[in-house]
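One structure is given here, and the rest of the page talks about it.
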Amino acid sequence: MSSIPIDYVLDNRYIPGSQRVRIPSSADIAAQCSDDDSDIESSLRANFLPPGLPFISADDPVLVNYATSYPSSLLSPMFTHLPSIQPSQLYKPSDSVQSLRRKLLRGANVLIVQGGYSGKKFVYQKLKDLGVSITILDGPDSPWKFAAEQGLIDDFCALDFTDHVTVFERAMELIFALEQSFDAVTTYFEDAVPLAARIATALGLQNNPIQACDRARNKSMTRQVMKESGLVVPKFYRVRSESDLNDACDHVGFPAVLKPVFGAASMGVTKVFDKQGTKESYEKIMSTLDVKNDTIWAQGTEMVLEEYYDGDEFDVDLLLFEGSVVYSKVIDNWATCEPFFQESGVNCPSLYPEKKQMEMVQLAVDSTLALGFKYGAFHVELKYTSKGARLIEVNARMGGVSVYDCHLTAWGIDLVEEHMMAVLKIPICPKIPENPLAYFAESAINAPYSGVMKSDTWLDAVLSDARVRSVTYFSKKGEKVVGPEDGVPTWIAEIRVVDAFSGDAALGFIRDLMMNKVTEVPILASVPGSERSWFFPDSCHPFVKVTE
């Protein structure tokens with residue numbers, strides 16, 4: 001194994017994120033390993049767990065035996081620590097009741113399955129501040145091994161993910177060897193959701209059913225469950241090989257969206273307009289689905305062709321307790337540079353018409369409950385189309401990148417602690433202000449053309465304005481970047497701003513920064529004459545108002 005922490009900088013789907021800590025690249029790792037590339041590949045296989053792999057089934061006798069040995073309880077184990085606090089006291093939104101919940105939370109012993117990329121450090125710092133004892137189960141070269149040594153988390157348990165077939169059984173062996181009991185098992189990381197659900201069930205600590213987690217992770221299964229529940233779904237066709245393309249095109253029609261079934265963060269998602277373009281896009285996507293570059297593809301390279309949704313895109317973040325929704329708010333996603341679906345920015349609270357927000361929230365809730373979820377934080381992606389609200393996908397974990405800051409800034413809701421309380425079965429009922437506390441906007445800046453970065457300080461000047469909360473660079477001086485003419489554009493930087501009084505003011509300010517203040521693109525073009533200005537979606541919502 002490598003002595004250098006392996007992080008998700010090797011996974012392009014996890015960029016950007018202003019909390020991200022830059023860690024060694026694969027080239028850095030190679031320089032400190034032997035000359036044989038197999039050393040690096042072996043380390044990657046040991047440290048990355050592809051989501052959606054065929055883990056042990058929910059009705060497998062091995063798992064059932066564990067579950068019957070450790071029966072699940074509807075009552076949080078935390079109430080035995082402070083018997084003077086009764087669950088009935090906690091079902092109301094107030095500061096004093098939240099203080100009681102935090103008292104219950106302090107001292108909880110929780111197993112986190114896979115800590116995720118190093119940018120999630122803020123999650124574990126928050127849990128430490130709340131007095132939660134955290135053990136992370138992850139690959140042997142995970143950055144969380146070093147976090148344990150530094151005291152950020154209480155313990156680290158190394159699990160080699162190389163043999164995916166036996167990963168559940170070996171995880172259970174390691175957990176029992178720890179000789180300590182846990183009050184909950186959870187994860188804040190997408191890839192780990194199926195394994196975490198199985199471990200929680202085996203230990204009698206189930207919060208969400210295994211089947212629900214598996215359904216959400218597979219886009220085709222999600223569509224099928226929605227269809228059976230009477231919810232609207234797009235036309236779709238599973239593409240297992242190139243031979244399926246013709247039938248898929250005939251069934252779905254155009255325009256359409258071609259995407260990998262097991263992808264994440266818009267990986268490989270491409271808009272297509274005809275059969276020839278679909279074939280070309282299929283070949284191009286397939287050429288990038290290399291397990292050596294991203295182990296998510298170890299589970300398979302099946303794709304799905306779906307009806308294209310017009311309209312604007314949104315996130316709805318939910319908090320559930322005992323199958324009831326206790327919090328739901330909308331985040332506006334800015335228009336992308338098609339045919340790619342690379343994120344370009346967000347704002348919160350939403351500036352969309354209230355009636356349409358309510359329609360999206362209802363669909364998000366109905367879809368999440370139809371899948372079978374009951375506890376915790378969920379990140380639901382949707383579009384509002386010419387035909388109404390339409391679901392893209394349900395993610396069975398807290399939203400990444402800026403989602404945490406969106407809700408904390410705008411509504412004062414801390415998704416990290418609320419999710420942790422929910423999975424510990426401490427009743428949650430957050431106090432939601434009648435009006436937003438502040439207005440958050442983020443611009444994720446895409447390279448407008450291919451070339452080499454000329455600077456890594458080109459946004460520093462904007463930091464003099466107090467409304468700019470952070471600037472993060474993802475591409476350093478001298479690094480190559482890709483523009484939309486050559487593929488999915490590279491995220492090169494991110495700006496986050498907060499306005500105390502108005503969402504429109506926050507948007508106007510960030511637009512002025514990008515259109516009038518940051519006018520020079522710091523990229524030396526690989527093809528002279530290909531230079532162009534920034535892509536900024538100010539011709540679409542939320543920069544152009546949408547009426548009821």
Side-chain angles (χ1 to χ4, degrees), residues 15-22 95 119-123 125-126 129 315 317 329-335 343-352 399-417 430-446 453-477 491-522 533-538 541-545:
I15 303 172
S18 69
Q19 310 96 339
R20 193 73 37 83
V21 177
R22 183 172 176 81
D95 293 335
K120 290 187 181 289
K121 179 179 178 181
F122 77 95
V123 172
Q125 183 62 60
K126 176 66 181 182
D129 294 343
D315 299 327
D317 291 285
K329 290 295 180 182
V330 180
I331 296 175
D332 294 337
N333 287 193
W334 301 355
E343 288 85 349
S344 63
V346 300
N347 60 274
C348 184
S350 173
L351 299 178
Y352 220 53
V401 193
S402 62
V403 168
Y404 174 83
D405 288 336
C406 279
H407 293 280
L408 190 62
T409 300
W411 301 107
I413 303 301
D414 191 313
L415 296 180
V416 170
E417 74 169 2
K431 181 181 178 182
I432 306 168
E434 185 175 343
N435 297 306
L437 304 176
Y439 300 84
F440 179 97
E442 171 211 31
S443 180
I445 304 171
N446 295 272
M453 293 298 299
K454 297 189 293 184
S455 170
D456 48 17
T457 60
W458 51 281
L459 286 172
D460 284 6
V462 306
L463 288 167
S464 60
D465 193 304
R467 290 171 291 179
V468 178
R469 293 301 172 88
S470 67
V471 163
T472 305
Y473 299 100
F474 303 122
S475 297
K476 290 191 173 184
K477 183 178 180 179
W491 267 311
I492 61 174
E494 176 191 69
I495 302 175
R496 296 186 181 190
V497 306
V498 175
D499 189 274
F501 306 105
S502 164
D504 288 330
L507 291 176
F509 173 57
I510 207 166
R511 180 189 184 281
D512 182 60
L513 288 178
M514 292 305 303
M515 304 299 284
N516 301 316
K517 301 292 194 302
V518 187
T519 55
E520 181 182 355
V521 178
S533 59
W534 302 114
F535 168 76
F536 194 83
D538 59 346
H541 173 79
F543 299 94
V544 176
K545 292 301 176 187

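- For the pair Thr457/Lys477, no side-chain contact is recorded, criterion being any heavy-atom separation below 4.5 Å from C-beta on.
- With contacts defined as side-chain heavy-atom distances shorter than 4.5 Å, the pair Ile413/Lys329 does not qualify.
- The shortest distance between side-chain heavy atoms of Pro433 and Trp411 falls below 4.5 Å.
- In terms of heavy atoms, Lys126 sits closest to Asp414 at CE-OD2, 2.9 Å.
- A distance of 4.0 Å separates CD1 in Ile445 from CE in Met514, rounded to the nearest 0.5 Å.
- Within a 6.0 Å sphere centred on NZ of Lys454, other residues, nucleotides and ligands contribute more than 12 heavy atoms.
- Of all the heavy atoms in Met453 and Lys476, the pair that sits closest is CB-O, 3.3 Å.
- Asp317 and Tyr404 form no side-chain donor-acceptor contact under 3.5 Å, judged by distance and modelled atom types alone.
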Requested in this report: Give the intermediate values and the outcome of side-chain contact (heavy atoms from CB on, under 4.5 Å) for residues Asp504 and Lys545.
Outcome: CA-CA 10 Å; Asp504 288 330; Lys545 292 301 176 187; 2.5 Å; yes
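- Rounded to the nearest 0.5 Å, atoms CG (Asp465) and NZ (Lys517) are 8.5 Å apart.
- The minimum heavy-atom distance between Pro349 and Asp332, with the atom names listed, is O-OD2, 4.4 Å.
- A donor-acceptor pair is defined here as one N or O able to donate and one able to accept, closer than 3.5 Å; such a pair exists between the side chain of Ser344 and the backbone of Ala335.
- Under the ring pair (Phe, Tyr, Trp, His ring centres under 6.0 Å) criterion, Phe509 pairs with no residue at all, not counting sequence neighbours.
- Between the CZ atom of Phe543 and the CD1 atom of Ile510 there is a distance of 7.0 Å, given to the nearest 0.5 Å.
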Query raised in the report: Given Leu351 and Tyr439, is the side-chain contact (heavy atoms from CB on, under 4.5 Å) satisfied, shown in steps?
Result: CA-CA 10 Å; Leu351 299 178; Tyr439 300 84; 5.5 Å; no
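- Across all non-hydrogen atoms, the minimal contact from Trp334 to Asn347 is NE1-OD1, 2.9 Å.
- Between Trp534 and Trp458, the two ring planes are parallel [angle under 30°; tilted spans 30° to 60°].
- Taking CZ of Arg511 as the reference point, atom CG of Asn516 lies at 7.0 Å (rounded to 0.5 Å).
- Nearest heavy-atom pair across Ala441 and Leu507 is CB-CD2, 4.4 Å.
- Within the 4.5 Å cutoff, the side chain of Arg469 has no heavy atoms near those of the Thr409 side chain.
- Distance check: Glu520 CD to Ser455 OG gives 8.5 Å after rounding to the nearest 0.5 Å.
- The shortest non-hydrogen separation linking Glu494 to Phe474 is CB-CE1, 3.6 Å.
- Put simply, the side chain of Trp491 gets close to the backbone of Glu343: a donor and an acceptor are under 3.5 Å apart.
- Separating the CG atom in Leu459 from the OG atom in Ser470 is a distance of 10.5 Å, to the nearest 0.5 Å.
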